[in-house]
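Numbers here simply count residues along the sequence, with the first being 1. Order of appearance sets the numbers: ligands from 1, and atoms from 1 within every ligand.
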Amino acid sequence: MTDTLTDPIYKTDSLIAEDIDAYLDVHQHKTMLRFITCGSVDDGKSTLIGRLLYDSKMIFEDQLAALEADSKRVGTQGQEIDFALLVDGLAAEREQGITIDVAYRFFATEKRKFIVADTPGHEQYTRNMVTGASTADLAVILIDARKGILTQTRRHSYLAHLIGIRNIVLAVNKMDLVGYDQAIFDKIVADYTEFAASIGITAFTPMPISGFKGDNITGPSENTPWYTGPALIEHLETVEVNSAVDADKPFRMPVQWVNRPNLDFRGFSGLIATGTVKPGDAIRVLPSGKTSTVSRIVTMDGDLDQAVAGQSVTLCFTDEIDCSRGDVIALADNPPQAADQFEATIVWMADEEMLPGRSYWLKIGTQMVTATVQQPKYQVNVNTMEHLAAKTLDLNAIGVANLSTDKQIVFEAYADNRTLGGFILIDKISNATVAAGMLHFSLRRAQNVHWQATDVSRDFHAALKNQKPAVLWFTGLSGAGKSTIANLVEKKLARMNRHTFLLDGDNVRHGLNKDLGFTDADRVENIRRVGEVAKLMTDAGLIVITAFISPFRSERDMVRQMMQPGEFIEVHIDTPLADAEARDVKGLYKKARSGQLKNFTGIDSPYEAPLDPEIRVDTVAMTAEEAADAIVARLIP
Ligand code: ADP
């Protein structure tokens, strides 16, 4: 996704001429408000954004005119043409697809700087809206006064609330087209109040506006004497920004890197997510729980007496305690929790559906771990807020699911802390971001189920059998020869007094996995379960041989990660599709080709060959017997 900062329109004030240093100082210390506009072009979104940009620029021109003796003021007519051109430009950009992704625009007034994320409004752009909204302080929900609350109003409001935006402006636009009728405005506000309450929005600011005519944009409009609330820009200038709210929360800073330029200096750098920190504060490093005291707060501009949420700093401690990238520094007596199982809301952003059981990278703050997501508890219809049953999540779908991570992560509920509760999922092979998510809470079972240490250990089991456990993981197309060769390998090992067990695809599907079919999601779960069983068998000291197509690299790598280092031996039974199909021992290729059998590997379901298997067997060049000998020789040299 490309994020573009476009059209910087700075508004200046008279200071610029009088005292440039003072001006720059004021400008630098202005707070920044990030907001999103939700609505479609039909609601007047381009016109409204154009109005905001234009009005701030207009003040600039007024002041320029006042400053310069020879006035450069543009006539009223000229302004209208400029405004229309600006709006046309914004609308044209969208039509040409330039702003299919989120377009960020920057402008400023005397009091504040603003970044507005102009997010596309259609349902197929849910992921774009979520991206644009993830850092926003405020959302402007645009409504066409003639139409009232529409499906998209509900969708945008739900998403804005989901993403944790605290300030919602209900901008009832095009009031000029309904004769500035108060009754129409009041009815829309009443309808919205009822809907908002149903999804948990407790407060919002309604405004009657006209982006086109400029009513209630910069100041009160004569056309709406019955409206006593703030104009849009006034409200944007004064509403409390997230960093101010975050500063009042307990101190938390995810560590981005350890700063150690020489032996005398050791500091921990990061962006303060919440709270305030001062030298002398007692802190705790998580997940280790080690405590120390802040000795210095170092920045590029020298040491600070205090730092707050939103600032990037380097902290030094009075003790040499372990702390590295991914750790979280927090108040000693009020630290966040660590856990490895959670309930979360997930917004799916990839074209390929979510695969429950597949392992993805999960990035949260500066922590990166491996995570697997379970089948969703439900999916949310973003237009009606209904909960629907779901086996997976498709592009733009939003659902609630449990997930587990391979290591404990330091977290807080997203509602309390966007940095420690918001995460993304990344595909391990393509490195693409496939989802954004929000943690709700950790599952209590994560705390209550502990690994039971047993007295007869895995080493003891292996020693009793006088062998080293291993998993010979056969992968290849149907008919490649996996079962045939695996069977020969097991016989040869048995003759050598080795304790083995052969897990065969077809056999496992008759029992343990008889509830699973052949969709991608079921194939992932099939392999996950087989991996877990194989792991238990290696704990029992066995040499496990598995014969499954196991078409995806991700799952084979996942099983590899489950095993002890060196115990997983990937065996690629490499038979060209044409040869496997010509053998067609079970008649399955014929069925697949005639359309009687769906999702058949190699035909209408993919096979991802191993890139770097421990053993590769070319069954065209070798007989099954020769292949089995080679594999046994590799296992027991
Ligand atoms: P898979 O388990 O991979 O689906 P099978 O082992 O069930 O495959 O079937 C493979 C078929 O190919 C068997 O009929 C086997 O006799 C035949 N075959 C021919 N050449 C070879 C070879 N070099 N290695 C393994 N099998 C072979």
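Take R509 and apply the salt bridge (charged side-chain N to carboxylate O under 4.0 Å, His left out) test, not counting sequence neighbours, and it matches no residue. Residues that satisfy the side chain to side chain contact (heavy atoms under 4.5 Å, CB included) test with D629, not counting sequence neighbours, are K492. Under the rule for a side chain to side chain contact (heavy atoms under 4.5 Å, CB included), the partners of S594 that lie at least two apart in sequence or sit in another chain are Q596.
Using a 30° and 60° split on the angle between ring planes, F600 and Y589 fall in the perpendicular class, above 60°.
The protein residues lying under 4.0 angstrom from ligand 1, judged by non-hydrogen atoms, are L477, S478, G479, A480, G481, K482, S483, T484, I485, R583, V585, K586, T619, M622, T623, A624.
The ring pair (Phe, Tyr, Trp, His ring centres under 6.0 Å) test with F342 singles out one residue from F441, Y414, F411, F423, and that residue is F411.
Under 3.5 Å, the side chains of S483 and D504 contain a donor-acceptor pair of N or O atoms.
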